[in-house]
Amino acid sequence: MDKKPYDPSDIEQKLYKAWEDSGLFAPGDNPEAYSLAIPPPNVTGTLHMGHGFQNAIMDCLIRYYRMSGKNTLWQVGTDHAGIATEMVVERRLNAEGKTKSDIGREAFEEEVWNWKKVSGNKITSQLRRLGSSLDWSSERFTLDEEYQHAVLSAFIQLFEEGLIYQGKRLVNWDPVLETSLSDLEVVNKDLTIKIWEIKYQLEATDKFVTVATTRPETLLGDMALAVNPSDKRFSHLIGKKASLPLCNRLIPIVADSYVDPEFGTGVVKITPGHDFNDYDLGKRHGLHMDEDFQCHSGAEDDFVPISIFNKTVAIIGVAPKKFHGMDRFEARKVILEDLKKEKLLMSEKEYESTLPYGDRSDQILEPLLTDQWYVDAKTLAKPAIDAVKSGEIQFVPANWEKTYFQWMDNIQDWCISRQLWWGHRIPIWYDESNKPHAGFSEKDVREKHNLKGKLRQEEDVLDTWFSSSLWTFATMGWPEKNEKLSLFHPTTTLVTGFDIIFFWVARMIMMTKHFMKEVPFKEVYITGLIKDENGQKMSKSKGNILDPIDLIDGVSLEELLAKRTEGMMQPQLKEKIIQQTKNQFPEGIESYGTDALRYTFYSLASPGRDINFDIGRIKGYRNFCNKIWNAFRFIEMQITNHSYQSSEGSKDIFSDWMASKIYQTAKNCQTHIKQYRFDLASAEIYELVWSNFCDWYIEFCKVAIQKSDNAGQTNSLIKNLITNFYSILELLHPFMPFITEELSSKLADLSKLEKSGYLVENGFNHTKASNQSNEIQLDKIINIISALRVIRAENQNIKNETLNLIISNDLNSDTQSIISENEGVISGIAKLGKIEFSDQVPAESIEKTMDGYKIIIPLEGLIDPEEEIARLQKELADVENDIKIINAKLANKQFVDKAPAEVVKKEKVKISDAESKKTMLEKSIAKLQP
RNA sequence: AGACCCGUAGCUCAGUUUUGGUUAGAGCGUCGCAUUGACAUUGCGAAGGUCGAUGGUUCGAGUCCAUUCGGGUCUACCA
């Protein structure tokens with residue numbers, strides 16, 4: 001037996017492989033199903049702390065229910081992550097001096113598939129390192145053939161139902177990635193920007209009106225000026241025209257209540273092609289341009305917005321030729337100079353506002369008029385709202401429902417087309433008259449619609465979230481109806497973060513309700529977001545990211561620095577990050593093992609919104625693993641040293657006590673897991689194992705075995721010890737799968753049980769209800785031993801002496817006889833000579849009043865009576881104070897009348913306890929006094 | 001502008017809803033003591049909190065209500 005501490009690296013990967021090879025994670029056919037679908041990570045991504053956290057939780061759930069006898073499916077898979085992946089591959093191409101358009105669509109797609117091959121398995125192997133008991137046999141990727149078929153089917157059905165439509169609208173345009181984005185992919189940043197005031201000359205006068213703008217370049221696309229209809233300052237202008245600076249064309253002045261007379265100058269320039277509000281206003285007023293480039297208002301149907309940007313946001317169209325080809329910011333500069341020259345620029349001021357940025361590219365977005373595909377989200381939202389309102393789906397914690405409703409009630413149609421190459425190409429073919437038809441292939445479309453002429457396929461691909469919104473059922477083979485779907489769908493629970501409630505959770509509910517006529521999951525457990533120990537979001541640019549695998553295996557400072565600084569978007573932060581990392585981890589990070597990391601996650605999983613990951617805590621849980629490991633080593637020693645034989649044994653009070661504690665904890669954990677309180681469950685088990693099992697039970701067993709005088713008794717003590725340890729391993733297994741599996745198999749070998757297979761599949765076999773009265777008795781004995789320890793700590797001269805103990809006869813007779821029966825063990829642990837029950841108290845002694853009885857340690861010549869009196873008097877003062885407080889309470893008529901009888905009774909019991917304690921203390925003091 | 005979350009021991013957090021009711025808990029850290037048989041990744045013991053503030057409801061408030069201060073998040077945004 002070696003003495004080195006527990007080393008998880010010896011066992012973890014070996015065990016996972018054994019589990020996986022044995023096919024233990026694959027579902028069976030028991031109709032009592034429990035299923036989870038993993039939120040599919042980006043196929044080319046790597047594991048971060050959030051993944052680690054959420055997967056730890058999912059694995060605990062699935063292992064717990066698998067052990068409880070449910071038929072479990074934990075669906076695994078990865079997402080193609082359109083924009084993110086396309087960006088990475090494009091950057092790699094750029095580094096080689098090539099561009100996407102150089103090589104063309106097909107070659108590019110091939111590049112991405114190659115990249116997936118290189119980096120694609122990283123995250124799935126990392127999931128294995130976490131011990132996640134995923135069903136690898138049903139792994140899916142969102143671009144698998146089968147999955148693609150589901151995506152196309154969904155699109156075609158929605159199109160045919162009129163719930164997907166094409167429209168020329170303003171979208172959030174990312175000029176760097178050259179694609180549209182949905183509202184959710186826009187990050188609004190608060191900034192100090194500039195605002196300019198510009199004069200527009202009124203037609204056929206020498207008068208001007210002034211408008212304010214933060215984007216002067218858009219004036220090239222202005223189609224009107226607008227004022228509030230009730231604004232007296234400008235009512236005479238309504239219906240007149242103004243001349244557009246630098247452009248030599250006229251635009252109408254219209255009245256619209258959208259304009260806030262209090263804000264700015266009260267006159268607004270209207271650019272329907274480049275601003276969302278202006279677009280709506282332009283539509284209301286039917287703004288359009290004639291062949292002479294003059295703008296007019298009209299009926300709503302006349303509305304034709306003009307656009308002056310192309311897809312790289314360079315100036316085109318009706319803008320004066322001079323500006324053509326200029327980038328938006330270059331054009332802004334030139335326009336401001338020109339306005340200044342013409343004395344039309346009134347002012348330039350600082351201004352607090354927000355600008356929209358792309359969440360991936362981090363570039364300022366531009367509203368741009370393009371053809372896009374939309375999902376009619378308003379229609380799909382209704383059943384999805386009802387599903388949550390009716391309780392068919394429950395959010396945990398429940399207040400996330402509010403967030404959900406707030407968004408769903410104001411939902412906008414969802415732009416699902418992306419001008420990318422990586423993803424599901426939209427299954428639309430245009431005929432020669434540009435009419436769109438949906439189908440699985442060109443052939444399919446031709447046959448269905450009897451088309452003869454040339455067909456052109458839509459170039460765009462679908463938003464990644466469109467395909468992932470089908471995740472729970474598309475992974476199970478939909479649109480085919482099969483047994484898997486009927487057994488495992490709806491899934492039981494979704495575990496995810498609040499950051500994707502809108503992106504994913506809400507859209508899954510909408511789509512699943514629509515296609516399956518049922519919900520995708522019955523409960524949504526929204527976890528907190530993992531932040532660093534200072535409450536900062538973990539991000540590459542802050543340089544505070546942690547890789548869960550580094551916490552498992554350890555990492556040197558050099559490697560950690562390299563990881564945190566490679567491929568930085570803002571290299572100027574590099575020095576700061578290096579310094580900060582060196583301060584935090586001067587020696588790098590130690591290896592803690594998966595079980596310790598997982599346990600840390602559980603202990604932090606309280607219902608709040610943010611979870612600050614304090615690296616200090618993981619150390620404590622590594623020690624916990626070591627503690628368990630050594631508890632096993634103790635048992636191992638007993639088995640070997642006493643030639644343990646597996647046979648029928650008899651009960652003992654210590655094992656009964658332990659079994660009873662385990663049973664209670666197991667019951668509580670069941671509740672905690674149902675309520676997703678992994679923090680409470682883990683804390684309770686920790687306390688059970690460390691404080692009850694190791695600190696007390698093992699110590700009792702140790703002495704009991706030592707003092708046992710017959711082999712049968714020894715054997716039976718060991719047998720009960722083994723059984724209780726098994727129960728603990730079972731209870732811990734969903735939280736710490738590796739160490740528990742390893743120890744259970746070692747224990748099975750040692751104790752010569754027939755090999756009973758893996759804990760993974762075995763369930764909770766050893767935990768049983770036990771003798772509760774024994775539990776109470778032993779709790780009392782433990783109280784006595786603890787009190788003795790306090791006395792020793794307070795009296796340094798007796799800290800190591802063997803002492804005699806007298807217990808007053810006030811202690812009930814049941815406990816007295818149990819103490820007598822186990823005198824040897826108790827004396828052994830508490831280092832006592834003999835234990836007596838008596839009301840005869842020797843003159844020189846230390847006394848301690850307990851719960852209705854007292855313990856006395858005769859100490860002739862060893863104590864200073866004066867010191868002892870002082871100590872007792874302090875204790876007396878405390879008791880008297882308690883009595884005063886309770887008396888005051890009971891003297892309060894209001895309290896006695898209004899408080900529930902139970903509460904009043906409790907107080908009365910309390911005071912009588914305190915009174916008797918007081919009497920005992922007074923007697924003790926009197927005796928010491930000369 | 002609206003919605004939401006957080007504030008409890010030196011630090012990181014439970015406890016606050018359904019149900020207001022003893023002396024408010026844990027881990028880490030700190031202090032004192034312990035040393036060869038499971039474990040120093042250890043054991044035993046101790047100290048440490050007017051629960052952000054104010055007011056209210058109540059016999060009774062960390063918990064309920066109102067106001068307020070500080071920190072944070074999301075949604076929507078006006079030129």
Side-chain angles (χ1 to χ4, degrees), chain A residues 1 3-6 183-184 188 195 197 211-215 218 225-226 258-260 262-271 275-278 351 353-354 397-400 402-403 405-407 410 498-499 501-502 528-529 531 533-535 537 590 592 596 603-604 606-617 619-638 641 677 679-680 683 686-687 694-695 698-699 702 786 789-794 796 799-800 878 881-882 885-886 889 892-900 902-904 906-907 909-910:
Chain A
M1 241 184 308
K3 235 190 134 160
K4 71 176 168 103
Y6 170 57
D183 299 342
L184 289 176
N188 291 301
I195 189 165
E197 286 187 339
V211 302
T213 181
T214 55
R215 294 190 296 155
T218 62
L225 294 179
Y258 157 74
V259 181
D260 177 0
E262 306 291 313
F263 193 89
T265 62
V267 184
V268 186
K269 64 191 262 321
I270 302 298
T271 323
D275 181 284
F276 291 100
N277 290 308
D278 293 3
Y351 181 61
S353 188
T354 56
N399 46 315
W400 288 109
K402 256 191 188 171
T403 311
F405 289 135
Q406 203 178 322
W407 190 67
N410 300 300
F498 59 80
D499 49 334
I501 289 180
F502 305 141
L529 224 54
K531 308 221 169 150
E533 72 282 6
N534 301 314
K537 222 169 175 168
E590 286 178 89
Y592 296 103
S603 70
L604 294 172
S606 43
R609 191 179 261 219
D610 296 325
I611 290 163
N612 297 353
F613 190 87
D614 181 3
I615 188 117
R617 293 197 61 166
K619 198 170 174 180
Y621 294 113
R622 182 189 56 181
N623 296 357
F624 185 45
C625 292
N626 190 53
K627 190 80 183 170
I628 298 165
W629 186 257
N630 280 294
F632 165 76
R633 286 186 56 229
F634 171 76
I635 297 168
E636 184 182 26
M637 261 168 101
Q638 305 313 309
N641 294 354
R677 291 305 306 267
D679 56 332
L680 299 181
Y686 183 93
E687 155 91 12
C694 295
D695 289 347
I698 285 192
E699 292 308 316
K702 197 184 282 175
S786 298
R789 283 177 181 164
V790 175
I791 291 169
R792 285 183 194 273
E794 282 171 357
Q796 286 297 309
K799 66 186 178 200
N800 286 320
D878 288 346
N881 195 40
D882 285 351
I885 291 168
I886 304 167
K889 236 181 189 179
N892 183 346
K893 196 167 174 314
Q894 301 267 36
F895 172 71
V896 180
D897 289 349
K898 292 189 180 170
E902 237 177 280
V903 174
V904 178
K906 250 191 199 167
E907 294 299 314
V909 170
K910 250 175 13 192

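Worth saying up front: this structure is predicted, and the values here are computed from it rather than measured. Throughout, a chain's letter reflects where its sequence line sits, starting with A, and its residues are numbered from 1. When reading the values below, keep in mind they use all heavy atoms of this one structure, side chains included, and skip hydrogens, waters and symmetry mates.
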J.: Can you check nucleotides 25-27 of chain B for protein contacts, nitrogen or oxygen pairs under 3.5 Å, and list what you find?
T.:
none

J.: Given side chains that start at C-beta, do those of A:Lys269 and A:Thr218 come closer than 4.5 Å, heavy atoms only?
T.: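 Yes, side chains in contact.
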J.: To the side chain of A:Ser786, which of B:G21, B:G45, B:U42 is closest?
T.: B:G45
J.: May I ask you to verify if any side-chain N or O of A:Lys799 is less than 4.0 angstrom from the OP1 or OP2 atom of B:C44?
T.: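 Answer is no, no contact under 4.0 Å.
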J.: All N/O contacts under 3.5 Å from nucleotides 48-52 of chain B to the protein, with atom names and distances to one decimal?
T.:
none

J.: Give one of base, sugar-phosphate or nothing for A:Pro397, where a contact means two heavy atoms less than 4.0 Å apart.
T.: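 It contacts nothing in the nucleic acid.
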J.: With heavy atoms under 4.0 Å as the rule, sort A:Leu680 into base, sugar-phosphate or nothing.
T.: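 Sugar-phosphate contact only.
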J.: For A:Tyr6, enumerate each residue passing the ring-ring contact (aromatic ring centres under 6.0 Å, His included) test, keeping only those at least two apart in sequence or located in another chain.
T.: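 Checked A:Tyr6 against ring-ring contact (aromatic ring centres under 6.0 Å, His included); matches are A:Trp629.
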J.: Who are the salt bridge (charged side-chain N to carboxylate O under 4.0 Å, His left out) partners of A:Asp499, not counting sequence neighbours?
T.: none
J.: Determine whether A:Val211 and A:Glu197 make a side-chain contact, defined as any pair of heavy atoms from C-beta on separated by less than 4.5 Å.
T.: no
J.: Any base atoms under 4.0 Å from A:Glu197, or only sugar-phosphate, or nothing? Heavy atoms, all strands.
T.: nothing
J.: If you compare every side-chain N and O of A:Lys702 against the phosphate oxygens of B:A38 (OP1, OP2), does one of them come in below 4.0 Å?
T.: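 Result: yes.
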J.: Between B:G45, B:C59, B:U22, which nucleotide gets closest to the side-chain atoms of A:Lys910?
T.: B:U22
J.: Among residues at least two apart in sequence or on other chains, which ones pass ring-ring contact (aromatic ring centres under 6.0 Å, His included) with A:Phe613?
T.: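 Result, ring-ring contact (aromatic ring centres under 6.0 Å, His included) vs A:Phe613: A:Phe601.
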J.: Using the P atom as the point on both nucleotides, what is the distance between B:G21 and B:G62, in whole Å?
T.: 10 Å
J.: Which of these nucleotides, B:G45, B:C13, B:C39, is closest to any side-chain atom of A:Glu699?
T.: B:C39
J.: Is there a side-chain polar atom (N or O) of A:Lys402 under 4.0 Å from OP1 or OP2 of B:C4?
T.: yes
J.: Measuring from the side chain of A:Lys906 (C-beta onward, heavy atoms only), which nucleotide among B:G21, B:A3, B:A14 has the closest atom?
T.: B:G21
J.: Just wondering, are more than 12 heavy atoms of other shown residues or ligands nearer than 6.0 Å to NZ in A:Lys619?
T.: no
J.: Could I get the full list of salt bridge (charged side-chain N to carboxylate O under 4.0 Å, His left out) partners for A:Asp614, not counting sequence neighbours?
T.: none
J.: Can you tell me which stems RNA chain B forms, taking runs of 3 or more consecutive Watson-Crick or G-U pairs with both distances under 3.5 Å?
T.: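 Stem list for RNA chain B: B:1-7 with B:69-75, B:10-13 with B:25-28, B:30-34 with B:42-46, B:52-56 with B:64-68.
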J.: Quick one: list whatever passes ring-ring contact (aromatic ring centres under 6.0 Å, His included) with A:Phe632, sequence neighbours left out.
T.: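 Residues passing ring-ring contact (aromatic ring centres under 6.0 Å, His included) with A:Phe632: none at all.
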J.: Going by the rule salt bridge (charged side-chain N to carboxylate O under 4.0 Å, His left out), which residues pair with A:Lys531 if we only count those two or more places apart in sequence or in a different chain?
T.: A:Asp610
J.: Checking contacts here: which listed nucleotide (B:G37, B:G72, B:U41) is nearest the side-chain heavy atoms of A:Asp610?
T.: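 When the side chain of A:Asp610 is considered, B:G72 is the closest of B:G37, B:G72, B:U41.
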J.: Residues in salt bridge (charged side-chain N to carboxylate O under 4.0 Å, His left out) with A:Glu699, at least two apart?
T.: A:Lys702
J.: For A:Asn399, report the nucleic acid contact type (base, sugar-phosphate, nothing); a contact means any heavy atom under 4.0 Å.
T.: sugar-phosphate
J.: When the aromatic ring centroids of A:Tyr621 and A:Tyr592 are compared, is their separation below 6.0 Å?
T.: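 So the answer is no for these two rings.
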J.: Could you check whether A:Asp695 gets within reach of a base, just the sugar-phosphate, or nothing at all, counting any heavy atom under 4.0 Å?
T.: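 The answer is sugar-phosphate, as A:Asp695 gets under 4.0 Å only of primed atoms, P, OP1 or OP2.
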J.: I'd like to compare against my own output: the B/S/- annotation of nucleotides 73-79 of chain B with a strict under-4.0 Å heavy-atom distance to protein.
T.: BSS-BBB
J.: Apply side chain to side chain contact (heavy atoms under 4.5 Å, CB included) to A:Phe263 and list each qualifying residue two or more places apart in sequence or on a separate chain.
T.: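 Side chain to side chain contact (heavy atoms under 4.5 Å, CB included) check on A:Phe263 returns A:Asp260, A:Tyr351.
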J.: What nucleotide, of B:C59, B:A46, B:C39, holds the atom closest to the side chain of A:Val790?
T.: B:A46
J.: So if I take every side-chain heavy atom of A:Arg622 and compare against B:C59, B:A38, B:U41, which nucleotide ends up nearest?
T.: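 Selected nucleotide (nearest to the side chain): B:U41.
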